[in-house]
Amino acid sequence: MTTRTAWITGASSGFGAATVERFVTGGWRVIASGRRAERLQRLVDRHGAEHVHAAAFDVRDEAAMRKAHADLPPAFAGIDLLVNNAGLALGTAPAQQADLAQWKQMIDTNVTALVSLTHLLLPALIERRGAIVNISSIAASYTYRGGNVYGASKAFVTQFSQNLRTDLHGTGVRVSSIEPGMAETEFTLVRTSGDQAASDKLYEGAHPITAGDIAETIWWIANLPAHLNINRVEVMPVSQSPAGLQVHRD
Ligand code: NDP
Ligand code: 8X3
């Protein structure tokens, strides 16, 4: 089989870094993108420039995104799989105390950048009957205090994925939304502006999802027979389950 190519965003950490490892060891070429160039370079150093191409840019910078696309080495230019994984939550405060700049950064990263890269790569993905895997979250479906804009941005990702499927009907392009629950990555460190103790406390004893678990899920979806489309996957650790509604009494 000819070597296939995946573009994985958010490849410098967490789910994205684990997914790079899974796909490269599985024989794919990978375009690894993220802002932290030195971490991406480590992936290139480990696997070789013929297997990993590092594209360091901020996904919110559309010109940089277009340049990264235009600058792809010829061997990486035909893309079979887009993994829209780059994203973040910022803050845990209720809406009435939240920071508007953080809300905008989440929308710019989780929503606007995701649709921009998808739009840019759609012609190539249609040409190769490729696939798109969007990383949403259980926060798309279950509310929790402080989830406000983060959850809403992920609800967009889930619904955009399903609407893409409808529009891509007949093209052979597959679209999937993965909706993970609690997973131990740098996610909580980022959300709490670097509070390692808060991050450790959240995951302690909970046996959370690992980055490798999600990488395996993406690998499974991408390598199914071409006539199968996984629409949505919701995955939680056994230790996590939904809880009820709240009631306020005067
Ligand atoms: P990490 O913080 O470990 O990884 C996030 C990745 O996104 C990093 O590689 C980061 O790279 C990249 N990223 C963030 N902002 C930008 C930006 N502006 N430009 C380019 N890249 C960016 O967290 P996870 O691996 O957990 O998160 C991956 C995805 O999974 C996110 O979309 C997150 O919302 C989602 N998710 C996470 C869950 C969890 O509990 N961990 C559960 C459900 C969904 P860099 O900083 O180098 O730019
Ligand atoms: C991350 C999952 O539950 O921390 O998307 O919001 S949660």
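Both counts, for ligands and for their atoms, begin at 1 and track the order of listing. Sequence positions, counted from 1, serve as the residue numbers for this chain.
Close contacts between ligand 1 and Gly181 involve ligand atoms 40 (O), 42 (C) [criterion: under 4.0 Å to a heavy atom]. Listed by number with element, the atoms of ligand 1 under 4.0 Å from a non-hydrogen atom of Arg36 are 8 (C), 11 (O), 45 (P), 46 (O), 47 (O). Close contacts between ligand 1 and Ser12 involve ligand atoms 8 (C), 9 (O), 10 (C), 11 (O), 45 (P), 47 (O) [criterion: under 4.0 Å to a heavy atom]. Listed by number with element, the atoms of ligand 2 under 4.0 Å from a non-hydrogen atom of Ile138 are 3 (O). Within ligand 1, the atoms closer than 4.0 Å to a non-hydrogen atom of Thr109 are 15 (N), numbered from 1 in the order shown. Which parts of ligand 1 touch Tyr150 is read off a 4.0 Å heavy-atom cut-off, strictly below it: atoms 33 (C), 34 (O), 35 (C), 36 (N), 44 (C). Which parts of ligand 2 touch Tyr150 is read off a 4.0 Å heavy-atom cut-off, strictly below it: atoms 1 (C), 5 (O), 6 (O). Using a 4.0 Å cut-off to heavy atoms of Ser136, the atoms of ligand 1 that qualify are 43 (C), 44 (C). Short contacts between ligand 1 and Arg60, defined as distances under 4.0 Å to a heavy atom of the residue, involve ligand atoms 18 (N). Of all atoms in ligand 2, numbered sequentially from 1 with element shown, those under 4.0 Å from a heavy atom of Ala139 are 6 (O). For ligand 1, the atoms lying closer than 4.0 Å to a non-hydrogen atom of Ile135 are 29 (C), 30 (O), 35 (C).
At a threshold of 4.0 Å, the pair Arg42-Glu38 does not count as salt-bridged, since none of the basic side-chain nitrogens sits closer than that to a carboxylate oxygen.
Nearest protein heavy-atom contact of atom 14 (C) of ligand 1 is Arg35 NH2, 3.5 Å. Among all protein heavy atoms, the one lying closest to atom 4 (O) of ligand 2 is Phe187 CE2, 3.8 Å. Summary of contacts: the protein heavy atom closest to atom 43 (C) of ligand 1 is Pro180 O, 3.2 Å. Of the protein's non-hydrogen atoms, the one nearest atom 7 (S) of ligand 2 is Tyr144 OH, 3.7 Å. Nearest protein heavy-atom neighbour of atom 18 (N) of ligand 1: Asp58 OD1, 2.9 Å. Scanning the protein for heavy atoms near atom 2 (C) of ligand 2, the closest one is Ser137 OG, 3.5 Å. At the shortest separation from atom 24 (P) of ligand 1 among protein heavy atoms lies Thr185 OG1, 3.4 Å. Residue, atom and distance of the protein heavy atom nearest to atom 5 (C) of ligand 1 are Gly87 O, 3.7 Å. Scanning the protein for heavy atoms near atom 37 (C) of ligand 1, the closest one is Phe15 CE1, 3.5 Å. Of the protein's non-hydrogen atoms, the one nearest atom 1 (P) of ligand 1 is Ser13 OG, 3.5 Å. Among all protein heavy atoms, the one lying closest to atom 29 (C) of ligand 1 is Asn85 O, 3.0 Å.
Under a cut-off of 6.0 angstrom, the local environment of CD in Gln246 is sparse, with at most 12 non-hydrogen atoms contributed by other residues, nucleotides or ligands. Heavy-atom contacts from other residues, nucleotides or ligands closer than 6.0 Å to CD of Glu127 number 12 or fewer.
Without hydrogens or angle criteria, Asp80 side chain to Gly130 main chain gives no donor-acceptor distance under 3.5 Å. In this structure a side-chain-to-backbone donor-acceptor pair under 3.5 Å is present from Lys154 to Ile135. Not a single donor-acceptor pair under 3.5 Å links the side chain of Gln41 to the backbone N or O of Ala54. When atom types are taken as modelled, the side chain of Asp99 and the backbone of Ala101 share a donor-acceptor pair closer than 3.5 angstrom. Counting only distance, with no hydrogens or angles, the side chain of Tyr203 and the backbone of Ala183 share a donor-acceptor pair below 3.5 Å. Here the side chain of Arg165 pairs no donor or acceptor atom with the backbone of Asn231 at under 3.5 angstrom.
Considering both main-chain and side-chain atoms, Ser137 never comes within under 3.5 Å of ligand 1 through any nitrogen or oxygen pair. When only interatomic distances are considered, the shortest N/O to N/O separation between Ala183 and ligand 1 falls below 3.5 Å. Geometrically, ligand 2 and Gln240 share no nitrogen or oxygen pair separated by less than 3.5 Å. On a distance-only criterion, Glu184 and ligand 1 share no N/O pair closer than 3.5 Å. In terms of N/O distances under 3.5 Å, ligand 1 is approached by Lys154. Below 3.5 Å of separation, one finds an N or O of Gly10 facing an N or O of ligand 1. The shortest N/O to N/O separation between Val59 and ligand 1 falls below 3.5 Å. In terms of polar-atom proximity, defined here as any N/O pair under 3.5 Å, Met182 makes no such contact with ligand 1.
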Practice task
Kindly determine whether Lys67 and Asp71 satisfy salt bridge (Lys or Arg N to Asp or Glu O under 4.0 Å), including the steps that lead there.
Solution key: CA-CA 6 Å; Lys67 184 168 183 330; Asp71 289 348; 2.5 Å; yes

Exercise for the section: Evaluate the salt bridge (Lys or Arg N to Asp or Glu O under 4.0 Å) criterion for residues Glu21 and Arg46: first the C-alpha distance (whole Å), next the side-chain angles of each, then the deciding distance (0.1 Å), finally the verdict. Expected result: CA-CA 10 Å; Glu21 295 294 334; Arg46 183 151 64 246; 2.4 Å; yes

Exercise for the section: Please assess Met236 against Tyr142 for the test side-chain contact (heavy atoms from CB on, under 4.5 Å), listing each intermediate value before the final yes or no. Expected result: CA-CA 12 Å; Met236 293 181 189; Tyr142 304 95; 3.6 Å; yes

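In this structure, a donor-acceptor pair under 3.5 Å is absent between the side chains of His47 and Asp45. At a cut-off of 3.5 Å, with distance as the only test, no side-chain donor of Asn163 or Thr166 sits close to an acceptor on the other residue. Neither side chain, Thr19 nor Asn85, offers a donor N or O lying under 3.5 Å from an acceptor on the other.
Connection of Leu117 to Phe160 is established within a shared hydrophobic cluster, with ILVMFWY side chains joined at heavy-atom distances below 4.5 Å, either directly or through further cluster members.
If you look at Phe57 next to ligand 1, the close heavy atoms, those under 4.0 Å, all belong to the backbone.
Side-chain contact between His53 and Leu72 is present, with at least one heavy-atom pair separated by less than 4.5 Å.
Note that CG of Leu88 and OH of Tyr150 are 8.5 Å apart. Values are rounded to the nearest 0.5 Å.
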